[in-house]
Number of protein chains: 2
Amino acid sequence: MKSDKISEAVVRRLPVYLRFLNDLNKREISTVSSQELGQKLDLNPAQIRKDLAYFGDFGRKGIGYDVPYLIEKIRHILKLDQPINVALVGAGNLGHALSNYNAYLKDTMKITAVFDAYEPKVGQKIHSLTVQPMSELQETVRSQGIRIGIITVPDQEAQNVADLLIEAGIEAILNFAPVILKTPPYVRVHAADFTTDLQSLAYYLQDGKEEEPNEQ
Amino acid sequence: MKSDKISEAVVRRLPVYLRFLNDLNKREISTVSSQELGQKLDLNPAQIRKDLAYFGDFGRKGIGYDVPYLIEKIRHILKLDQPINVALVGAGNLGHALSNYNAYLKDTMKITAVFDAYEPKVGQKIHSLTVQPMSELQETVRSQGIRIGIITVPDQEAQNVADLLIEAGIEAILNFAPVILKTPPYVRVHAADFTTDLQSLAYYLQDGKEEEPNEQ
DNA sequence: TAGATTGTTAATCGATTAACAATC
DNA sequence: TAGATTGTTAATCGATTAACAATC
């Protein structure tokens, strides 16, 4: 068990490993090698071994990795072995979509509160949750021990919401609004901006196809 | 205008530059330096200059970059100066949310068709679009010259949908399903999997807070 | 024992940053 | 001319991959 600084790239691969391992586990496959993992996940086996070795000696030479054991270890590293409450701010279409995944995020991470600034939205039900007004954010975040905030509000409001969340004591933010949030260094922000994704995809389109969509 | 291979990291930053430049433009600010850009976007000015210089000499020494000119250039690089039609497969909550952004993606990129495998969904309206059955995918993609596909179906169906899109001639995929798609090398895939985002965020939470949410 | 596969070191590759001459 | 800022080269930093001894 060593402990250099772990790079973000490594941390971002761990959930991908976990997802696939859970899959194997469901299929009752109990051992997997870095080679197999690499094949399925499109990664270099050496990279996978190295990633895992940052956190401990999880494998067995000549054998591979024990699936349930590795799942347990990665869940621990990612802190998914403890309950983590999440607040969702913005009960629009995207917010609705995300709260759907609550079941899917079975683990121990869970959206436990939804907020919206728009009066008529307040009081509405989203699955088992009731949309709360922004005025209750501070207190709810504290009383529920919420540690992560998801921002799905319009861009102009995103920074304000971020400020509120941070003031309430949130530690990390997943931001779906297409803006760069200014936050103190102790708050981790991940951008989940699909317009950026889509626009960078366009770069990779073949050239030359200068329009010939026959309107049929 | 040089032309090495452009790294993915560079391409992913271009839309971020573009977004901010559009902002400046709206505010009628006509010139910007790499220093200002770097400050606002949390990037190193040298990196910004280098990124842009890959594609040409867009700036002026001692002055900076002309905002409208740089916008035009980046739009061209990203191919956003030509119409790009997009198909959305999966008219669930997430699909709905994304099609909302159609207006926002004002540029020339546009979702022009929505498909769903679930009978009762077919025929429903999403804004100005009508949900079509999967059986029409092939023909619609061809007749509308659709080049990008967005996948918002359940994980088990994602690979099938990808195969269908590719067979229909799509060139790039934005995949919201939490699976690694197997695709031929000429099809570009970007993963937009928010569960992965969220789980990697958990890693950065402070340790030690072993639960004290006072249920109030 | 022979075959397989890890953990890890060293080599490679690539991306970021610093520094500065060119020039507006 | 003096000040500002680019484009670019060189230096640094970091991440990926190859190779292999250790060992199941």
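Order of the sequence lines fixes the chain letters, A, B, ..., with proteins taken first and strands second; residue numbering starts at 1 for each chain. Reckoned from all heavy atoms, side chains included, excluding hydrogens, waters and symmetry mates.
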A/Met134/A/Val161 under side chain to side chain contact (heavy atoms under 4.5 Å, CB included): CA gap, chis, key distance, verdict: CA-CA 9 Å; A/Met134 294 302 287; A/Val161 169; 4.2 Å; yes
Examine D/dT5: is either OP1 or OP2 under 4.0 Å from a nitrogen or oxygen in the side chain of B/Ser34? Give yes or no. no
Suppose we define a pair by two distances each less than 3.5 Å, Watson-Crick or G-U wobble; what does D/dT12 pair with here? C/dA15
A/Asn44 has an atom CG; how far is it from atom C1' of C/dG7, in whole Å? 14 Å
Re C/dA21: Watson-Crick or G-U wobble partner, both distances kept under 3.5 Å, found to be D/dT6
Could you tell me how far apart A/Gln47 (CD) and C/dG7 (C1') are, to the nearest whole angstrom? 15 Å
Could you give the CG-to-C1' distance, from A/Leu70 to C/dT6, as a whole number of Å? 13 Å
Tabulated below should be each protein N or O lying under 3.5 Å from an N or O of nucleotides 21-24 of chain D; please produce it.
unit_1	atom_1	unit_2	atom_2	d
D/dC24	O4'	A/Lys61	O	3.1
D/dC24	O3'	A/Arg60	NH1	3.0

Nearest whole angstrom, please: distance from the P of C/dA18 to the CD1 of B/Ile48. 13 Å
B/Asp163 side chain to B/Gln159 side chain, donor-acceptor N/O pair below 3.5 angstrom: yes
Looking only at C/dT17, C/dT6, D/dT16, the nucleotide nearest the A/Tyr65 side chain is C/dT6
Please walk me through it: do B/Asn22 and B/Ile71 pass side chain to side chain contact (heavy atoms under 4.5 Å, CB included)? CA-CA 7 Å; B/Asn22 278 325; B/Ile71 287 175; 3.5 Å; yes
So, is B/Ser7 near the phosphate of C/dG14, with a side-chain N or O under 4.0 Å from OP1 or OP2? no
Using modelled atom types and a 3.5 Å cut-off, is there a donor and acceptor pairing between side-chain atoms of A/Asn85 and backbone atoms of A/Gln144? yes
Rounded to whole angstrom units, what separation is found between the NZ atom of A/Lys5 and the P atom of D/dC13? 15 Å
B/Leu52 has an atom CG; how far is it from atom P of D/dT8, in whole Å? 12 Å
With side chain to side chain contact (heavy atoms under 4.5 Å, CB included) as the criterion, how do A/Arg188 and B/Leu205 come out once you've worked through the C-alpha distance, each side chain's angles and the decisive distance to 0.1 Å? CA-CA 8 Å; A/Arg188 181 92 196 173; B/Leu205 296 176; over 6 Å; no
Candidate nucleotides D/dT6, C/dT17, D/dA18, ranked by approach to the side chain of B/Arg49 - the nearest: D/dT6
I need the CG-P distance between B/Asp51 and D/dT6, as an integer number of Å. 13 Å
Thinking salt bridges, do A/Arg19 and B/Asp193 make one under a 4.0 Å N-O criterion? yes
Verdict with supporting geometry, B/Glu36 and B/Lys40, salt bridge (Lys or Arg N to Asp or Glu O under 4.0 Å): CA-CA 6 Å; B/Glu36 283 170 71; B/Lys40 297 304 174 107; over 6 Å; no
Taken to the nearest whole Å, CD/A/Gln35 to C1'/C/dG7 is 16 Å
